[in-house]
Amino acid sequence: HVQLVESGGGSVQAGQSLRLTCQDSRRTFSRASMAWFRQAPGKEREGVAAIDADGKTGYTDAVKGRFTISRDSSNNTLYLQMNSLKPEDTATYYCAAGPDYLVRFSAWQRVGDFGNWGQGTQVTVS
């Protein structure tokens, strides 16, 4: 049973925008740190952005000023608004859920700290 389901990926030109969505069917969504990771071919999975239950956010340097993470606890949905996309943003993007303290302590970029993952959505920028 897949609990995190991503959507919104696609193929765009450099400079364009996409919005990724992650629907979480778990009852603990509102108390979790939620994050977006990405993995390009031949590279390790890396943290892109995260948000805790109080709305505190974190971003990797490569996307600061271009990407915005948000969440809507009324419908258990996580978003990633991606603007000014670059070819180096090309990757499979994954939604992940973990303990709420991860963002508060700036420890959200470790893959192993997140116990729930989606199946990923492909983003291609040319």
side-chain contact (heavy atoms from CB on, under 4.5 Å) involving [X] - partner list, sequence neighbours excluded:
X	answer
Asn116	Gln3, Leu4, Arg26, Ala97
Asp61	Lys64
Pro87	Ala14, Val125

Any side-chain heavy-atom pair of [X] and [Y] under 4.5 Å:
X	Y	result
Trp108	Asp113	no
Glu6	Leu20	no
Asn76	Gln23	yes
Leu78	Asp24	no

Do you know the tightest heavy-atom contact between Phe114 and Trp117?
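Shortest heavy-atom separation between Phe114 and Trp117 comes out as O-NE1, 3.0 Å.
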Show me the donor-acceptor pairs, under 3.5 Å and distance only, between side chains in residues 47-56 and residues at least two apart or in other chains.
residue: Asp52; atom: OD1; partner: Asp54; partner atom: N; Å: 2.9
residue: Asp52; atom: OD1; partner: Gly55; partner atom: N; Å: 3.0
residue: Asp52; atom: OD1; partner: Lys56; partner atom: N; Å: 2.9

Could you tell me whether Arg71 sits above the aromatic face of Phe29, with NZ or CZ closer than 6.0 angstrom to the six-membered ring centre and within 45 degrees of the axis?
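Arg71 over Phe29 ring: yes.
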Separation between CD of Gln109 and CG of Leu102, rounded to the nearest 0.5 Å:
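So the gap between those two atoms works out to 11.0 Å.
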Linked, directly or transitively: Phe67 and Ile69 (ILVMFWY side chains, under 4.5 Å)
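Yes, same cluster.
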For residues Tyr79 and Val5: do they belong to one hydrophobic cluster (side chain heavy atoms under 4.5 Å, members Ile, Leu, Val, Met, Phe, Trp, Tyr)?
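Tyr79 does not cluster with Val5.
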Tell me the side-chain hydrogen bond (donor to acceptor under 3.5 Å, both in side chains) pairs involving residues 36-48, sequence neighbours left out?
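Sorted result for residues 36-48: Arg38-Glu46, Arg38-Asp89, Arg38-Tyr93, Gln39-Arg45.
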All pairs passing side-chain hydrogen bond (donor to acceptor under 3.5 Å, both in side chains) where residues 9-19 contributes a residue, at least two apart
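Sorted result for residues 9-19: Ser17-Asn83.
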